[in-house]
Amino acid sequence: MGQEINPQTNGFHHHLNGGGPPLPAADLPELLVLRPGLLYKVFEQEFLAKFNVLKAFESPLPLDKFLLAHAQSARAILCEAIVTRITADLLLQLPALELVVADGTGVNHIDLAACRRRGIAVANTGDVFSEDTADYGVGLLIAVLRRLSRADAFVRRGSWPVLGEFPLGLKLRGKRVGIVGLGNIGTKLAKRLEAFGCKVSYNSRTKKQSARYDFHPTVVDLALHSDILIICCSLTEKTRHLINDDVLNALGMSGILVNIGRGPIVDEKTLVSYLVEGKIAGAAMDVYENEPNVPSKLFGLDNVVLSPHRGAFTEEAFGDALKIVMGNLDAFFSNSPLLTPVSTNE
Amino acid sequence: MDSIVVLMMCPMNSYLEQELDKRFKLFRYWTQPNQTEFLAHHADSIRAVVGNSGAGASADLIDALPKLEIVSSFSVGLDKIDLARCKEKGVRVTNTPDVLTDDVADLAIGLMLAVLRRICQCDKYVRSGAWKLGDFRLTTKGELGETYVSFLSSCSFSGKRIGIIGLGRIGLAIAERAEAFDCPISYYGRSKKADTNYTYYSSVVELASNSDILVVGCALTPETTHIVNREVLDALGPKGVLINIGRGPHVDEPELVSALVEGRLGGAGLDVFEKEPKVPEQLFGLENVVLLPHVASGTEETRKVMADLVLGNLEAHFSSKALLTPVV
């Protein structure tokens with residue numbers, strides 16, 4: 001009662017304090033959303049309560065007209081990564097933009113150099129998805145070695161009483177696991193796999209002084225010394241098609257590939273033919289070159305496990321991601337340091 | 001030794017079968033058209049029985065074979081062997097401990113991850129060709145499509161409280177792995193173990209009340225039959241997950257099925273069933289279960305080592321040497 005409502009400060013914190021009626025959208029800070037990612041879709045009400053969300057995806061206007069008509073004063077954009085591309089051209093259409101908030105960890109869909117030139121800050125979700133992604137890597141690996149999804153399907157279609165024995169899988173203890181990219185995810189994955197008795201080594205952009213695993217200077221070298229190769233690195237120009245025929249040949253006919261990084265890190269066409277021709281023993285994939293398109297040649301194989309890019313999707317991680325996205329936005333709109341800024345330097 | 005008569009109870013491993021055939025005089029119980037007649041006819045010659053988790057040596061079988069000297073099980077579980085009768089009659093018994101511990105523990109963790117993270121459903125979803133980028137026009141929050149509901153029902157594994165029934169070799173191996181995921185570990189056993197820091201509960205209900213995931217890791221005996229009953233399932237609750245890599249009869253299966261179907265239990269990962277290979281069909285349509293055809297020790301490497309252990313025990317016995325892995 002009698003409180004001054006100031007959209008930049010009081011109004012914003014008014015809602016955070018949980019008291020009083022919600023503010024009309026026009027008094028809330030603007031947040032541009034070109035296309036809603038899963039995080040936005042799940043928590044839309046939370047975003048609508050705190051921001052004047054400019055929903056480009058609901059407008060009948062083509063994007064450039066929408067931005068011209070409605071987004072000229074937008075200072076912040078929340079973007080998903082599957083379709084949205086934050087390009088220099090797009091930034092030209094957003095003269096007031098100062099912050100790009102990614103709804104996930106990866107920022108390969110954002111032109112960081114263009115952001116740096118414009119003085120636009122970029123935030124991602126930091127480390128909130130690493131643990132669940134590492135867990136998923138272990139789950140996919142056991143699933144492909146022990147054929148869990150095929151075995152479950154075998155039982156559900158009533159084949160067990162009829163056919164009896166299900167084919168044997170492969171043991172995990174003692175296997176040499178090569179981790180490509182020993183970052184947040186790779187480190188957690190390595191710790192987990194050691195508990196299963198795997199011998200872990202890695203390749204990364206740089207050798208990690210604190211890591212107690214053997215470093216291999218190239219991915220081919222890593223593959224030569226591994227039974228299992230797990231992709232955990234981010235997608236950059238340098239890692240595009242990093243996993244090619246040379247690497248797969250080095251991994252060998254009894255090798256297993258697990259990809260929880262990004263689809264384009266693997267030369268998918270080559271991988272598919274290697275799997276079909278038995279040139280590697282199996283693969284588990286959470287990501288693909290052209291999601292949601294998955295090569296149908298994989299659908300009939302018993303030695304693959306396929307997943308629709310959800311290695312990071314758990315209720316818990318989504319709750320944490322919302323907190324960090326809101327935290328970054330709160331910080332920005334109250335002129336405080338971002339929680340999880342991404343460097344836009346080279 | 002190729003005159004020594006060995007009876008193999010069921011198909012279990014072709015390498016083992018071939019080697020038994022080579023080294024001994026092998027009879028295959030499952031191919032006999034009249035099993036009673038067969039036993040009567042060969043009562044005086046059968047000196048060894050090779051069984052597994054499916055078929056072992058009941059009191060009746062032992063009584064029917066007066067020349068029986070050794071039962072060698074292609075399993076670590078002994079629930080299909082009448083140990084008391086074997087002791088009475090001086091019949092030796094061997095199993096395959098330790099060599100399968102890793103694979104069983106790996107499978108237990110694999111089941112936990114597969115249930116919580118919906119790995120099998122994901123695979124089925126992709127293979128069906130149904131994966132499309134969602135239509136981004138949501139009308140109301142309640143109208144999230146089936147896909148999103150599935151996404152939301154996926155739970156983290158790291159940090160979940162694991163309750164282990166039976167902290168034996170397999171239970172300890174499961175605990176070791178789960179610790180790497182920062183899972184707090186507690187257990188139930190007939191008595192507290194002196195050399196462990198895990199939290200002990202003196203009742204399975206208490207263990208279940210304090211766990212997010214309950215794993216059956218003990219041996220099957222008359223005392224542990226239906227150790228997971230309605231009370232335990234209620235204590236585990238609508239967010240709890242049951243993992244059974246023990247034996248089907250450890251769990252009251254009809255109670256388990258209704259708990260799952262009615263949403264009173266959060267999920268289950270099951271490698272064993274009361275009447276294998278029959279699996280309750282009400283489970284087939286559930287998204288929160290993973291069903292496996294008793295594959296916990298089922299890797300190429302381990303089954304070969306298990307087979308060699310069976311063969312090694314038989315050869316040791318028949319050369320009057322010390323048994324490798326005697327139970328009785």
If we ignore angles and hydrogens, is there a donor and acceptor under 3.5 Å between the side chains of B/Ser154 and A/Arg310? yes
Leading residue by heavy atom contact count with chain B [cutoff under 4.5 Å; candidates A/Gly158, A/Gly169, A/Gly139]: A/Gly169
CG of A/Leu172 to CG of B/Asp103, rounded to nearest 0.5 Å, is 8.5 Å
With rounding to the nearest 0.5 angstrom, report the CG to CZ distance, A/Asp132 to B/Phe157. 11.5 Å
Ordered numerically, the heavy-atom neighbours of chain B under 4.5 Å found in residues 187-197 of chain A are A/Lys191, A/Arg192, A/Ala195, A/Phe196
Can you list every pair that meets salt bridge (Lys or Arg N to Asp or Glu O under 4.0 Å) and has a residue in residues 265-281 of chain B, with sequence neighbours left out? none
Just wondering, do B/Arg127 and A/Val304 contact through their side chains at under 4.5 Å, heavy atoms? yes
Where along residues 299-310 of chain B does a heavy atom come under 4.5 Å of chain A, listed by residue number? B/Thr299, B/Glu300, B/Glu301, B/Thr302, B/Arg303
Interface moiety of A/Leu306 toward chain B, non-hydrogen atoms closer than 4.5 Å: both
Best-contacting candidate, B/Gly298, B/Cys122, B/Pro277, B/Gly285, against chain A by heavy atom pairs under 4.5 angstrom: B/Pro277
Going by the angle between their ring planes, with limits at 30° and 60°, are A/Tyr202 and A/Tyr213 parallel, tilted or perpendicular? perpendicular
Side chain, backbone, both or neither: which part of A/Val305 has a heavy atom under 4.5 Å from chain B? both
Are any of the side-chain heavy atoms of B/Glu253 and B/Pro280 separated by less than 4.5 Å? yes
Can a donor-acceptor pair be found between the side chains of A/Asp135 and B/Ser158 at a distance below 3.5 Å? yes
In terms of heavy-atom contacts, A/Asp152 and B/Val289 come closest through OD1-O, 4.2 Å
Whatever's closer than 4.5 Å to a heavy atom in chain A on B/Met112 counts as neither
To the nearest 0.5 Å, atom CD1 of A/Ile324 lies from atom CG of A/Leu39 at 11.0 Å
Nearest 0.5 Å, please: how far is CG in A/Leu63 from CZ in A/Phe57? 12.5 Å
Heavy-atom pairs under 4.5 Å with chain B - which of A/Asp286, A/Leu140, A/Leu170 has more of them than the others? A/Leu170
Between A/Ala153 and chain B, with a heavy-atom cut-off of 4.5 Å, which part of the residue counts as in contact: side chain, backbone, both or neither? neither
Stepwise, does the side-chain hydrogen bond (donor to acceptor under 3.5 Å, both in side chains) test hold for A/Tyr40 with A/Glu44? CA-CA 5 Å; A/Tyr40 178 83; A/Glu44 180 168 46; 2.8 Å; yes
Side-chain atoms of residues 171-179 of chain B: list all donor-acceptor pairs with protein atoms under 3.5 Å, sequence neighbours left out, distances to 0.1 Å.
| from | atom 1 | to | atom 2 | distance (Å) |
| --- | --- | --- | --- | --- |
| B/Arg177 | NE | B/Asp106 | OD1 | 2.7 |
| B/Arg177 | NH1 | B/Ala173 | O | 3.0 |
| B/Arg177 | NH2 | B/Asp102 | OD1 | 3.0 |
| B/Arg177 | NH2 | B/Asp106 | OD1 | 3.1 |
| B/Glu179 | OE1 | B/Tyr198 | OH | 2.9 |

Among B/Leu292, B/Leu113, B/Leu291, which has the most heavy-atom pairs under 4.5 Å with chain A? B/Leu291
Where on A/Arg150 is there a heavy atom nearer than 4.5 Å to chain B: the side chain, the backbone, both, or neither? side chain
Considering only heavy atoms, which portion of A/Val162 lies under 4.5 Å from any heavy atom of chain B: side chain, backbone, both, or neither? neither
Heavy-atom contact with chain A under 4.5 Å, split by part of B/Leu107: both
Between A/Gly37, A/Gly311, A/Ala284, A/Ala317, which has the largest tally of heavy atom pairs under 4.5 Å with chain B? A/Gly311
Between B/Val295 and chain A, which part of the residue has a heavy atom less than 4.5 Å away: side chain, backbone, both or neither? both
Part of A/Leu141 lying under 4.5 Å from any heavy atom of chain B: neither
Chain B heavy atoms under 4.5 Å from A/Tyr136: which part of the residue, side chain, backbone, both or neither? both
Report yes or no: does A/Ser159 contribute a side-chain atom to a donor-acceptor pair with the main-chain N or O of A/Val155 at less than 3.5 Å? no
Side chain proximity check, B/Met8 to B/Leu20, heavy atoms < 4.5 angstrom: yes
Of the listed residues (B/Gly110, B/Ala180, B/Pro293), which shares the most heavy-atom pairs with chain A below a 4.5 Å separation? B/Pro293
N/O donor-acceptor pair under 3.5 Å between A/Asn259 side chain and A/Met285 backbone: no
Walk me through whether A/Leu163 and A/Phe154 qualify under side-chain contact (heavy atoms from CB on, under 4.5 Å). CA-CA 9 Å; A/Leu163 297 177; A/Phe154 177 83; 3.9 Å; yes
Which of the residues B/Gly129, B/Cys120, B/Ser297, B/Ser156 is involved in the greatest number of heavy-atom pairs with chain A at under 4.5 angstrom? B/Ser156
